[in-house]
Amino acid sequence: MHTASGQILPDSVTKKIDNLFVQWNTNSSPGCAIGIVRNDTLIYSRGYGMANLEYSLPNTVATPFHMASISKQFAGWSIILLARQGKLKLDDDVRKFLPWFPDLKQKITIQHLLNHTSGIRDQWQLLAISGTRLDDVITQEQIIKILSKQQALNFKPGEKYSYSNSGFTMLAEIVKSVTGQTLRKFTDSAIFKPLGMTSTHFHDDYTEIERNRSYSYNRKDSAHFTNAILSYSVAGATSLFTNVNDMSKWVMHFYNQEVSNQELVRQLTQKGRLNSGKELTYANGIVVNEYKGWRQFSHGGADAGYRTYLSVFPDLKLGIIVFSNLGDFDPGGKAYAIADLFIKDTTQKKEENKAVRDSITAILKDASAWQKYSGDYIGNDGLPFNFKVKNNKLYYQIYDESNYLIKEAKDTFSIPAAPNIKFVFKLQGKDTTVDVMTPDETYHIKKYLKDTAQTDQVLKAYTGMYYCPELDCKYGIILKDHHLLLTNAKYEDARLTLVGNDHLTNNNWWINHLMVVRDSKKNIIGFEVNSGRIQHLRFNKIVK
């Protein structure tokens with residue numbers, strides 16, 4: 001529907017690419033814009049579907065899109081440029097530049113922010129808990145205010161990896177502290193103008209008009225869409241505006257052979273390490289790993305209805321760009337479907353030698369011995385698992401995901417498609433526990449018995465008003481029709497499920513797990529929000 005620019009590829013290849021996007025190539029649906037960069041040329045680029053449904057504006061290769069988290073690598077590049085100029089060091093304490101950030105008696109470095117290893121809680125979830133919906137107007141000052149009142153971290157800096165948008169907002173503020181310029185102004189002169197990215201900027205004022213931009217949509221049903229509102233006046237973790245043409249120039253700079261540039265690229269793509277020495281795949285605002293045996297620098301983004309993905313294969317001098325303005329679009333999946341047309345898999349021979357991991361290999365000789373591990377489990381961080389033995393196999397379930405497990409050793413199982421995710425089962429006294437081990441983290445979960453017959457008298461002990469001094473906000477727990485409900489001035493009441501005696505779960509993503517806090521007499525005196533990217537956020541009981 002919308003013309004492609006600069007076609008160099010044979011028709012047989014462009015047809016395969018276009019077929020990947022045919023369902024969005026209509027004037028009645030939001031869609032996407034894509035680009036394929038090889039060497040120093042944008043060899044194929046095209047828009048599909050509409051940038052604006054109300055005014056029938058099509059997506060094109062010149063359409064500005066909101067990048068969401070792809071923005072982070074530009075904040076990272078800014079910091080690395082300033083480090084090269086000697087204006088900061090990556091192991092500097094962040095409070096050297098941000099005196100407003102509280103002294104939490106731990107050294108948090110700029111490097112911790114870049115690698116998501118700071119332990120600082122995530123800004124979006126903090127805002128949501130405080131009563132700010134993500135489609136409200138959100139400003140940089142608002143985030144700074146909330147971060148300046150934090151009294152604890154998720155974990156000791158450098159001990160774990162936990163994705164934190166807060167760290168990249170703080171990096172933007174460090175750029176401002178060092179240069180006297182906003183991230184928008186600094187990147188404009190230090191990055192975008194030198195690369196000729198004339199249609200790129202950090203959109204740090206949501207009221208500013210941007211001509212012909214793509215608007216953000218969610219799907220209502222197969223033929224109808226709704227506006228997905230985005231009113232951010234923030235920069236660093238998100239809010240870069242750019243188009244396919246400009247992003248192709250950023251892709252090319254990754255393999256520009258100029259020595260000084262390559263040293264900066266090396267620093268940007270230097271993988272993070274935990275205190276233990278364990279290497280992460282996350283570098284300084286960008287993910288570094290391999291795809292089909294080839295080195296890859298990549299990142300995705302998701303805000304409101306925007307879905308973005310950028311993947312660069314420096315040794316192939318190849319880049320794939322996919323930007324969408326529809327919330328149920330899978331930009332990463334499409335980026336790799338395009339990449340597969342250009343990349344030869346160098347790992348196939350190794351794959352052939354791998355042991356088969358199908359349902360036959362999951363059959364247990366001693367299935368009855370594993371019945372004792374069947375049941376419901378939860379961790380102090382709220383991770384809910386169920387295990388059951390069925391057809392002589394052990395199955396796991398978490399949220400909507402379920403599959404059989406393959407036995408690796410005496411007490412250790414793994415997921416068929418991901419042998420590096422392991423489950424270690426243990427009986428410890430009266431407790432039945434499982435350690436869920438991923439490449440980056442370990443989660444401890446414990447078996448509990450579901451008690452569906454709690455009396456109103458038991459449930460009443462949990463009711464009351466709870467206050468969080470860090471966010472200056474209140475939630476109530478009330479008893480209504482034999483059920484506990486979580487109440488808040490801003491949100492609809494959420495039904496709570498009591499798990500064991502000390503866990504309360506609900507369906508609100510920002511606060512879906514509460515860990516009850518008791519005094520020495522076992523009386524309830526508060527709860528901690530231990531949910532996703534927020535841990536140990538304390539609410540004190542102020543009214544019984």
Side-chain angles (χ1 to χ4, degrees), residues 116-117 119 121-122 125 153-156 158-164 272 274-282 287 289 355 357 359 361-362 364 367 369-390 393-450 497 499-500 502-507 509 511-515 528-536:
H116 297 297
T117 56
R121 298 165 179 148
D122 189 76
Q125 203 172 342
L153 298 169
N154 285 343
F155 49 80
K156 189 178 172 186
E159 215 161 70
K160 294 182 183 177
Y161 166 90
S162 179
Y163 195 90
S164 175
L274 300 180
N275 297 339
S276 64
K278 182 183 176 65
E279 189 177 69
L280 303 171
T281 58
Y282 205 91
V287 176
N289 55 16
R357 296 176 60 80
S359 59
T361 63
L364 298 167
W370 290 92
Q371 284 289 1
K372 60 180 176 282
Y373 291 107
S374 293
D376 297 297
Y377 292 71
I378 197 163
N380 286 350
D381 50 10
L383 208 61
F385 270 93
N386 174 275
F387 297 95
K388 67 181 174 190
V389 176
K390 186 175 77 175
K393 302 184 194 84
L394 182 63
Y395 283 79
Y396 75 90
Q397 178 164 349
I398 178 169
Y399 305 119
D400 297 329
E401 181 187 329
S402 180
N403 202 351
Y404 55 80
L405 292 169
I406 292 174
K407 194 172 181 183
E408 299 276 351
K410 190 177 82 165
D411 56 3
T412 304
F413 288 74
S414 67
I415 293 174
N420 56 355
I421 298 178
K422 302 212 180 326
F423 297 80
V424 183
F425 291 82
K426 296 175 188 168
L427 292 172
Q428 298 176 309
K430 292 181 180 177
D431 293 333
T432 306
T433 66
V434 181
D435 287 347
V436 184
M437 304 168 83
T438 73
D440 287 337
E441 296 182 74
T442 298
Y443 303 91
H444 306 285
I445 59 175
K446 191 164 122 182
K447 188 175 180 179
Y448 68 91
L449 291 173
K450 269 188 179 169
T497 301
V499 176
D502 293 325
H503 303 269
L504 291 160
T505 63
N506 68 87
N507 290 329
W509 67 267
I511 196 166
N512 63 14
H513 174 249
L514 312 177
M515 182 90 181
E528 283 188 352
V529 179
N530 288 349
S531 173
R533 296 171 181 173
I534 303 284
Q535 299 293 316
H536 314 302

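In this chain, numbering begins with 1 at the start of the sequence shown. Every value quoted in this text rests on a predicted model; they were computed, and no experiment measured them.
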Item to complete: Start with the C-alpha distance between F425 and Y373, add both sets of side-chain angles, then the distance that settles side chain to side chain contact (heavy atoms under 4.5 Å, CB included), and finish with yes or no.
Response: CA-CA 8 Å; F425 291 82; Y373 291 107; 3.5 Å; yes
Worksheet item: Within a radius of less than 6.0 Å around NZ of K393, do more than 12 heavy atoms belonging to other residues, nucleotides or ligands occur?
Response: yes
Fill in: pair T505-I378: side-chain heavy atoms closer than 4.5 Å
yes
Item to complete: Enter the distance from T412:OG1 to L405:CG here, rounded to the nearest 0.5 Å.
Response: 11.0 Å
Worksheet item: Where the side chain of Q397 meets the backbone of Y399, is there a donor-acceptor pair that is under 3.5 Å apart?
Response: yes
Worksheet item: Which heavy atom of F155 sits nearest a heavy atom of S162, and at what distance?
Response: CE2-CB, 3.5 Å
Response to the item:
Test ring-ring contact (aromatic ring centres under 6.0 Å, His included), reference F385, set Y377, F423, Y443, output is F423
Worksheet item: Below 4.5 Å, heavy atoms only, C-beta onward: do L514 and V529 meet side chain to side chain?
Response: yes
Discussion item. Can you tell me how far apart CZ (R121) and CD1 (I534) are? Round to the nearest 0.5 Å.
Written reply: 6.5 Å
Worksheet item: Can you find a pair of side-chain heavy atoms, one from V434 and one from F413, that are under 4.5 Å apart?
Response: no
Item to complete: Verify side chain to side chain contact (heavy atoms under 4.5 Å, CB included) between N289 and V287, making sure each step is shown before the conclusion.
Response: CA-CA 7 Å; N289 55 16; V287 176; 3.8 Å; yes
Item to complete: Heavy atoms only: give me the nearest S414-P419 pair and the separation to one decimal.
Response: CB-O, 3.7 Å
Item to complete: Please examine the side chains of Y396 and N386, heavy atoms only from C-beta on, and report whether any two atoms are closer than 4.5 Å.
Response: no
Item to complete: Could you list the residues that satisfy ring-ring contact (aromatic ring centres under 6.0 Å, His included) with H536, not counting sequence neighbours?
Response: none
Worksheet entry | From L427 atom CG to K447 atom NZ, the distance as rounded to the nearest 0.5 Å | 9.0 Å
Worksheet item: Rounded to the nearest 0.5 Å, how far apart are CE of M515 and CD of E528?
Response: 7.5 Å
Discussion item. Within the 4.5 Å heavy-atom criterion, are Q535 and D381 side-chain neighbours or not?
Written reply: yes
Worksheet entry | Check against side chain to side chain donor-acceptor pair (under 3.5 Å), Y163 and H116 | CA-CA 5 Å; Y163 195 90; H116 297 297; 4.5 Å; no
Worksheet, complete the sentence: residues 417-432 vs salt bridge (charged side-chain N to carboxylate O under 4.0 Å, His left out), sequence neighbours excluded, gives K426-D435, D431-K446
Item to complete: Apply side chain to side chain contact (heavy atoms under 4.5 Å, CB included) to the pair L383 and I398, showing each step before the final yes or no.
Response: CA-CA 8 Å; L383 208 61; I398 178 169; 3.7 Å; yes
Worksheet item: Got L274 and T117 here, is their nearest side-chain heavy-atom distance under 4.5 Å?
Response: yes
Worksheet item: Should we count NZ of K156 as having more than 12 external heavy atoms under 6.0 Å?
Response: no
Fill in: Close side-chain approach of T442 to V436, heavy-atom, < 4.5 Å
no
Worksheet item: At what distance, to the nearest 0.5 angstrom, does OH of Y161 lie from NZ of K278?
Response: 13.0 Å
Worksheet, complete the sentence: To the nearest 0.5 Å, atom CG of L153 lies from atom OG of S164 at 10.0 Å
Item to complete: Consider only side-chain N and O atoms of N380 and N530, and report whether a donor and an acceptor are under 3.5 Å apart.
Response: no
Discussion item. Counting C-beta onward and ignoring hydrogens, is there a side-chain heavy-atom pair between S374 and V389 closer than 4.5 Å?
Written reply: yes
Practice prompt. Answer yes or no for K388 and Y395: cation-pi contact, defined as NZ/CZ to six-membered ring centre under 6.0 Å and angle to ring axis within 45°.
Written response: no
Item to complete: Evaluate side chain to side chain contact (heavy atoms under 4.5 Å, CB included) for T438 paired with N420, printing each intermediate quantity in order.
Response: CA-CA 6 Å; T438 73; N420 56 355; over 6 Å; no
Practice prompt. Would you please name every residue forming a side chain to side chain contact (heavy atoms under 4.5 Å, CB included) with N507, sequence neighbours left out?
Written response: none
Item to complete: Verify, without hydrogens or angle tests, whether N506 (side chain) and H513 (backbone) share a donor-acceptor contact under 3.5 angstrom.
Response: no
